[in-house]
Amino acid sequence: MDYKEIYNMWVDEDSFFDEATKEELRGIADNDAEIKDRFYADLEFGTAGLRGVIGAGINRMNVYVVRKATQGLANYIIKQNGQKKGVAIAFDCRRMSPEFANEAACCLAANGIKAYVFESLRPTPELSFAVRELGCISGINITASHNPPEYNGYKVYWEDGAQITPPHDKGIMDEVRAVPDYSSVKTMSVEDAKAAGLYEVIGANIDDPYMAALKKNVLHPEAIEKMAKELTIVYTPLHGTGNLPVRRVLKELGFEKVFVVPEQELPDGEFPTVSYPNPEAEEAFELALKLAKEKNADLVLATDPDADRLGVYVKDGQTGEYHCLTGNMSGSLLADYEIGQKLAVKGSLPEDGELIKTIVTTNMVDAMAKHYGVKVTECLTGFKWIGKEILRMETSGKGQYLFGFEESYGCLIGTHARDKDGIVASMALCEAAAFYKMQGKTLWDAMLEMYEKYGYYKDAVIAITHKGIEGLAKIKNIMDTLRNDAPTQLGDYKVLVTRDYQEDVIRDLATGETKPTGIPKSNVLYYEMEGDAWLAVRPSGTEPKIKLYYGVVGDNMKDAEEKSAKLGEQVKAMLDKLG
């Protein structure tokens, strides 16, 4: 059927769909472009699950799409003989999040699979923890992370606590596609599910062990004890899930001067104080920085709505200025603190210790790993691949996880979860601030010392939006052109090596020699250039964007910033021509 026929089927008086859905769709009867956008294709259930605009239609997030996805997941769980283990379900502050969580739980229950549903909103890393704590076969998280308010999403986790990776991702996707239609999906009421023992509300029984697990990662309790009353912290949850857990863990550790931005404290899926609830965005920190100046704060923290990512500003003790730390900067700072202090506390590091980063994360990591004598393991973009590396170490008995992070403001300290954790990152950064303050230094001082030690690495990312069907075609054309006619010069830099992760080939341009990438296939192109400069290009997996990641090394901070700005302009101009 074409999109118009599917639309007509949804609005038909005798159709399966509820009256509110039909009424919403009748309201766009004269808007062919809107009908087409809602019905030209199913909202794709990809390797990250679902993410889309809330509304009626097959290309939207709604109860019918959620039920169908859950039926596919249930079918896969049953084929894996995992139905007795149950599924943990969490949700965030977004529109329809509690409703989507209940729809998923009721579908699972109707398939004989027990659902453990959080009583109220919880952060993504706690869902990852809950899957492992409860011994579940899977987990579902209703969230669209930092997307605008009109979005919601549905992320699936497997029993190791990480988001689904091969072979489970493909298996679940196949089962979702195989569900014949929306009316064939099983469901039941919450009341009947509870009566059957297939719907259990969870809360403190997970919160308390999660908090305990976080605090086990503290390396210098004496620094916290000595400096906690002197350290001033400003925090904003950006209307999301981080407010209670971040404040709780900091309070229990002894930090007293924690000031939460009042306008952004309470959960609100409309995100009224920001256009985009993203800790990468400058506007997200406007209110927090105002409060920080009033309180003379040492550091400023912001978690995104599902609290898996952490944005940071730190105070320069010399000038009083607050410096933004990118995800690469804060990740490197925490990696250096965690690994360096583990070495200092224990006297040695594991011989098979591993520092894990994604392929678009800063090369400062490599210099750091060389300094500490530990292995760098690279994986694809997306924290689930870091989780998969942790699982590989556990199951093989080879390798010990030291730290892992990605440039998009996400890291994991410890192995209590298998997703990035903005709660434990907040805790660790406050600990590090206390540790350095005890030495008369700020976090900014520590950052500058890192640059002096490892090199002035400057990394950046540009995201270019191409919406709709035409946008997808533009993104595909850009990737195809770059893939089929690889550049040998990017701006001022000669390309030395190309990596095509989709074709699984690394090519030395000087010798023509090739070798496999050694990691799963993905639509990413990577260019190694002179002077340790680099560029990676990939389509976003969750938004209609093409993303450019690039890095340079300078002789000093000013030199690095100038080189980065120039390379950014040059590669963007190149893509503008292609698009």
Q.
Students often mix this up, so state it plainly: with edges at 30° and 60°, are the rings of Y526 and Y501 parallel, tilted or perpendicular?
A. perpendicular
**Q.** Sub-6.0 Å ring centroid separation between W444 and Y436
**A.** no
Q) More than 12 heavy atoms of other residues, nucleotides or ligands under 6.0 Å from CD of E283: is that the case? A) yes
Q: Give me the ring orientation class for Y313 and F285: parallel if the planes are under 30° apart, tilted from 30 to 60°, perpendicular past 60°.
A: tilted
Q) Between the main-chain N or O of N147 and the side-chain N or O of R94, is there a donor-acceptor pair closer than 3.5 Å? A) yes
Q: For D92 and T241, run side-chain hydrogen bond (donor to acceptor under 3.5 Å, both in side chains): C-alpha distance rounded to whole Å, both residues' side-chain angles, the deciding distance at 0.1 Å, then the answer.
A: CA-CA 6 Å; D92 67 6; T241 62; over 6 Å; no
Q: If the plane angle is over 60° it's perpendicular, under 30° parallel, otherwise tilted; pick one for F129 and H416.
A: tilted
Q: Check whether any side-chain N or O of E431 sits under 3.5 Å from a backbone N or O of L219 as a donor-acceptor pair, and report yes or no.
A: yes
Q.
Taking NZ in K453 as the centre, count heavy atoms belonging to other residues, nucleotides or ligands within less than 6.0 Å. Is the count above 12?
A. yes
(Q) Could you tell me if the side chain of M450 sits less than 4.5 Å from the side chain of Y456, heavy atoms only? (A) no
Q: May I ask you to check whether over 12 heavy atoms, not counting those of E44, lie within 6.0 Å of atom CD?
A: no
Q) Is the shortest heavy-atom distance from the side chain of M479 to the side chain of N523 under 4.5 Å? A) yes
Q.
Any heavy-atom pair between the side chains of K458 and Y550 that's under 4.5 Å?
A. no
Q) Does NZ in K370 sit with more than 12 non-hydrogen atoms of other residues, nucleotides or ligands closer than 6.0 Å? A) no
(Q) Test your reading of the model: is there a side-chain donor-acceptor pair from D445 to the backbone of L443, 3.5 Å cut-off? (A) no
**Q.** Euclidean distance, I390 CD1 relative to E394 CD, rounded to 0.5 Å
**A.** 7.5 Å
Q) To the nearest 0.5 Å, how far apart are CD1 in I89 and CG in L108? A) 5.0 Å
Q: Please tell me if the side chains of D366 and K357 come closer than 4.5 Å, counting only heavy atoms from C-beta onward.
A: yes
Q: Run the ring-centre check on F259 versus Y235 and record whether the distance is less than 6.0 Å.
A: no
Q) Does the side chain of E103 come within less than 4.5 Å of T70's, by heavy atoms? A) no
Q) Are P125 and Y210 close enough that some pair of their side-chain heavy atoms sits under 4.5 Å apart? A) yes
**Q.** Side chain proximity check, D504 to I519, heavy atoms < 4.5 angstrom
**A.** no
